There are 2 protein chains.
Amino acid sequence: MNAEASKAEQPEQTEEWADVTPDAARRLVRAAVHAFAERGYHATTTRDIAGRAGMSPAALYIHYKTKEELLFQISGVGHRLALDILRSAAEGEGGAARRLAAAVRSFVRWHAEHHTTARVVQYELGALSEEHYTEIVARRREIDGVVRGIIEDGVRAGEFDVPDIPGTTLAVLSLCIDVARWFTTEGRRTPDQVGELYADLVLRMVGATDA
Amino acid sequence: MNAEASKAEQPEQTEEWADVTPDAARRLVRAAVHAFAERGYHATTTRDIAGRAGMSPAALYIHYKTKEELLFQISGVGHRLALDILRSAAEGEGGAARRLAAAVRSFVRWHAEHHTTARVVQYELGALSEEHYTEIVARRREIDGVVRGIIEDGVRAGEFDVPDIPGTTLAVLSLCIDVARWFTTEGRRTPDQVGELYADLVLRMVGATDA
DNA sequence: ACGGAACCTAAGCGCTTGCTCACCCTTTGT
DNA sequence: ACAAAGGGTGAGCAAGCGCTTAGGTTCCGT
């Protein structure tokens, strides 16, 4: 979707933090994402984040009140990105099978391509404050709703054979999300290949007539 | 498999730490599992673990040299348990479909029933020391091998239709493992129900002829 | 020319962390 | 009877933590 490639300083990812301003805050976010993904939120120090961003520890607190607020910003942007990707696939053309496959393909591709961000988004929820957590959980329910919607469409249209719609929705999302845990750039598969494989597997899970 | 029920002090789980001795060490392990599962390894303090086990902070170091060694004990026992469960299902009776269903059913049930232990086993690998980590990774490869073995059997026998065997193995295991992330006792589903649902979904993923 | 906003740093405060140490009970073998 | 061993404690150390503060520099509108 994001056609503009950056100047290949970080070749793997299209710029996901473009709308974080000012520049120093964006550098902090990028540093924090990498640190959180590598070591986890609690094992990451503010000194480490600031160091990676090329600043003194104190500079962090000019842009963010706390370390947790930095995590919240990452989690918020990440969830919106994930939701947008899913929605634009869900609202695409074609029958339920086609749209479900497109949704899984792009959702999985995002989790693989941006697996550092995705790791933070999916596995550091517990480190958020209570208020921030409930806000994020609301967005996650939206994500669930989008996928369930496609599956319901397919069942209604007779395209899918799904005995347990909420359960299958849960399983499909779970499968996609867990990509962030195991994916590495050193692995044998590219994000596109994983997306293709998973789209096929999910169509089988919902008993899609034909592919 | 474990027929002897405890005196229902902790109704949810059959005793998984029975062979950890002495008694004080077992209490520490149980306390650590709950603390690690709730807050994560790095956010858990040795004081918290000792407190939950009813001891002073210093008592922990009589039984374990470091906090990390405690995690390693938990991870080691947990991985052996998980592997045993999978193996006894894989070596059971019947065709590949039956054995794969049994493996997924019991593996998923374990992840749901013992989701606190499973959470530590599956999501705190990164906190292990380098040596301990490589030791655990070896056990994880065995787990992968067991599942791949069943799928290969099914393909050879013409029972399954699987274009990408390593990829599908990965997806099946990923689906099961992620149960530890989302499962709660407050949810609508029992561990048995999740196991049943997932066994069905996995049979669909491998294109099993009949169920 | 210059007041002020924006941004950054060196130094460090108060606290918590993993872990240790000196010492104290109980149980056990002889 | 009593030394040894095993299992425990209270107090506390050195290090590292999140975060603050006082002060400096750069840039801009007027």
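As the structure is a prediction and not an experimental result, all values here were calculated from the model. Here is how names work: the chains are called A, B, and so on, in the same order as the sequence lines, proteins then strands, and each is numbered from 1.
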State whether B/Thr46 places a side-chain N or O below 4.0 Å from either non-bridging phosphate oxygen (OP1 or OP2) of C/dG18.
yes
What is the distance, to the nearest angstrom, from the CD1 atom on A/Ile62 to the P atom on D/dT25?
16 Å
Rounded interatomic separation in angstrom, taking CZ from B/Arg27 and P from D/dG7:
12 Å
Round to a whole Å and report the spacing from CG of A/Asp23 to P of C/dA6.
17 Å
For the residue pair B/Tyr198 and B/Trp182, categorise the inter-ring angle as parallel (less than 30°), tilted (30 to 60°) or perpendicular (more than 60°).
tilted
Given DNA chain D, 5'-ward residue of the pair A/Lys67 and B/Ala58, judged by closest heavy atom
B/Ala58
Using atom CG of A/Leu28 as one end and atom P of C/dT9 as the other, report the distance to the nearest whole Å.
10 Å
With a non-hydrogen cut-off below 4.0 angstrom, is A/Ser56 in contact with a base, only sugar-phosphate, or nothing?
base
Tell me the interatomic distance from A/Met55, atom CE, to C/dA10, atom P, rounded to whole angstroms.
14 Å
Side-chain atoms of A/Ala24 come closest, of D/dT21, C/dC8, C/dG18, to C/dC8
For the residue pair B/His111 and B/Phe107, categorise the inter-ring angle as parallel (less than 30°), tilted (30 to 60°) or perpendicular (more than 60°).
perpendicular
Heavy-atom side-chain contact between A/Met55 and A/Leu28 under 4.5 Å:
yes
Check the distance between D/dC17's P and A/Tyr61's OH and give it to me in whole angstrom.
11 Å
Side-chain N or O of A/His42 versus OP1/OP2 of D/dC17: is the shortest distance under 4.0 Å?
no
A/Arg39 CZ to D/dG16 P: how many Å, rounded?
14 Å
Donor-acceptor pair under 3.5 Å, A/Arg47 side chain vs D/dG18 base
yes
Begin with the C-alpha distance, continue with both residues' side-chain angles, and end with the deciding distance and a verdict on side-chain contact (heavy atoms from CB on, under 4.5 Å) for A/Val108 and A/Glu196.
CA-CA 9 Å; A/Val108 163; A/Glu196 214 54 58; over 6 Å; no
Between D/dT20 atom P and A/Leu60 atom CG, what is the distance in whole Å?
11 Å
Any side-chain heavy-atom pair from A/Asp144 and A/Arg140 closer than 4.5 angstrom?
no
Out of D/dT9, C/dC7, C/dC8, minimum distance to the side chain of A/His63 belongs to C/dC8
